[in-house]
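Reading through the structure tokens given below for one structure.
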Amino acid sequence: MDGRVLSRLGGLAGGAVALYVFEAMLPSPMPWARIGLSNTFVLITLFAFGLRQALLVNLVRVIAGNLLLGIFFSPAFVLSFGGSFTAVFLMGFLWQRFVPPLSVIGVSCLGAVVNNTVQIVLFTLLLTRSIIAGPVLGGFVLLGVAVGVLTGFIAARIIEKLRLETNLHLG
Amino acid sequence: MKHLRFVVPVALILVLVSISLLSIRRGHSSFLSDSTIVMDTIGEIKVWSVRKDCQAAIDSAFEAMARIDSLFRRGLIRMQWAGLADQPDEVRAVVELADSVYDLTSGCFDPTIGSISRLWNFVEGAKPPEAESLYAAMPLVGFDKMKEQPSREFILDVGGIAKGYAVDVASEVLESQGFHCAIINAGGDLRVLGRRTDGKLWRIGIRHPRQVGDLIGYIDVEDCAVATSGDYERFFIYQGERFHHILDPRTGMPALTCESVTVIAESAALADAFATGLFVLGPRRGLAVAESVNGIEAVFVYAEGDSIVLTSGIKGRFKHLAAN
Amino acid sequence: MQPTRHTFADFVVIVSLVIAGLYLLVSGKTSASTVTISTTEGEVLKLSLNDDRLVEIEGRLGKSVIEIKDGKVRFVDSPCPHHLCMRRGWIHEGGDWVACAPNGIMVSISGDAKFDAITP
């Protein structure tokens, strides 16, 4: 990993952490659930560098973000950790096999939906006594699609810019 | 980068498998449930088990309950202290238990209240009994008097405690057959065996004494009995005043201070008897008694459901629900 | 093909996810809570708590009338002497129950039960 790549990764991870902390201040339909805006930076890393780098940025985001929020190893951390890593693995898999036909936007949508689904499943399993309610899950799926489209578009624009600036190899 | 092709599918499969395993582990819904009419209320047994003889075990537990029911059919037993030895074992057990709770609650749980309770009829539109008839019956109230006059016939009201006793007998039947995850419920006198299959505690809702259909809170418990005495169960309103079925043996009138008392104990008979006794004692003296007796925890509700006091042993396990 | 330009496949993914989300959103509502009415004669009725209706059911003494309305259920009439069942009024909580012991009829709410049992 040369210095330029490392500094870029550092910037992306820093952006992810900042957005993650900012996001925690936004109102959420369910405590502990994040809508996943900071996923933009993970998405950029994945498309500009690769899965290993994306996992690294995600790890930094989850650990540093939760440390900054003071909720390291709390239920929120477990939800965030489980949801985001499942999503990054899935997005990595899609990026390797299904791009094309999919673009950043489709990958981002699926990632966001899986992130939300895993979070709500973990939430119900770890913190409640009831079965997963269909409407709640449906709501989170729709929210995931919306956030996924948004982060997908933002990420696509930034990836294009990055590519113009540098000669980085794109997956 | 090549090896990542394996990492991704493997990770996905691991996640899916662990999610499904977790769902199976907390599959708390595979129980067998049956209900019957017993002790003038509904008896319900739920057993969590995959064994084939589960239904047979529930049936035998109900049979045991029905046997207790037939012994205490009318809830009132006429007997002399001297004749206790001739009574069936189950009756003796209940009377002896009642005797010990009588001592522990300074006589506020007193089965000899039967002479008085038969004068009351807690149905809508009823009237309280005449003062003279209450006065005439008072000499027959007092467990100590019964022991002092062993050849005199007293009327024992064992309705409440017998219901709890029936629950205990039914739970023993289930436990002796190796079922350790169950709820045995007779009209709200209930016993839980073990913990839920997902390892969590059983959550028992407690009714709001004044807001019909609502719950005032809940307690999380394991392997114990829970019973509640409430002034909202059987009562009538006469001249704007509520007359309910929990009578104070010292006055022969409904006990005043509490609205409901929920007791957690090791057996349903004990929980039932203490719920009545602590209700009569009231939140202040009752709390002191409940704290002093080992293995008894209680929730007192009074003042239109606005005030709740708890024994120290269940402070972390009771949750107050805001009215909606 | 640039991975940053949205494609037809993206569109398909988004539409199918939205359909799945909407389906979940609607499906859960119908299966929320069920009312189980059982008699000692062995008759068992399972009804949705969301369908308002009056149920007449024959017990040991005679006919009991049970009303389901606005996600709540109650005894409207029963041939028992003390009418304790009617006095209990509306019940709505998952895991709650109301019974008419003299007539041998039990009404309970199952579904997403927040409580394992209710006392008394």
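Convention: sequence-line order gives letters A, B, ...; per-chain numbering from 1.
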Atom CD1 of B/I42 and atom CH2 of C/W97: how far apart are they, to the nearest 0.5 Å? 7.0 Å
Can you tell me how far apart NE2 (C/H82) and CZ (B/F236) are? Round to the nearest 0.5 Å. 12.0 Å
For B/L190, which atoms come within 4.5 Å of any heavy atom of chain C: side chain, backbone, both, or neither? side chain
Note: C/D96 and B/G213 closest approach over all heavy atoms is OD2-O, 4.3 Å
Please find the pair of heavy atoms, one from C/P120 and one from B/Y232, that lie closest to each other, and give the distance. CD-OH, 3.1 Å
Looking only at C/C100, C/P102, C/A117, C/S38, most heavy-atom pairs under 4.5 Å shared with chain B are made by C/A117
Side chain, backbone, both or neither: which part of B/E233 has an atom under 4.5 Å from a heavy atom of chain C? both
Do C/R88 and B/R207 make a side-chain contact, defined as non-hydrogen atoms from C-beta onward lying under 4.5 Å apart? yes
Spatial distance of atom CE (C/M106) from atom OG1 (B/T36) [nearest 0.5 Å]: 10.5 Å
Output the option from B/A227, B/G188, B/S260, B/G205 having the highest count of non-hydrogen pairs under 4.5 Å with chain C. B/G205
Separation between CD1 of B/I206 and CD1 of C/I118, rounded to the nearest 0.5 Å: 10.5 Å
In terms of heavy-atom proximity below 4.5 Å to chain B, should C/R60 be classed as side chain, backbone, both, or neither? side chain
Should the heavy atoms of other residues, nucleotides or ligands under 6.0 Å from CD of B/E266 be counted, would the total exceed 12? no
What distance do C/E93 atom CD and B/D214 atom CG have between them, rounded to the nearest 0.5 Å? 7.5 Å
When rounded to the nearest 0.5 Å, the distance separating CG of C/D116 from CG of B/N185 is 11.5 Å
Relative to chain C, which segment of B/I183 carries a heavy atom at a distance below 4.5 Å: side chain, backbone, both, or neither? side chain
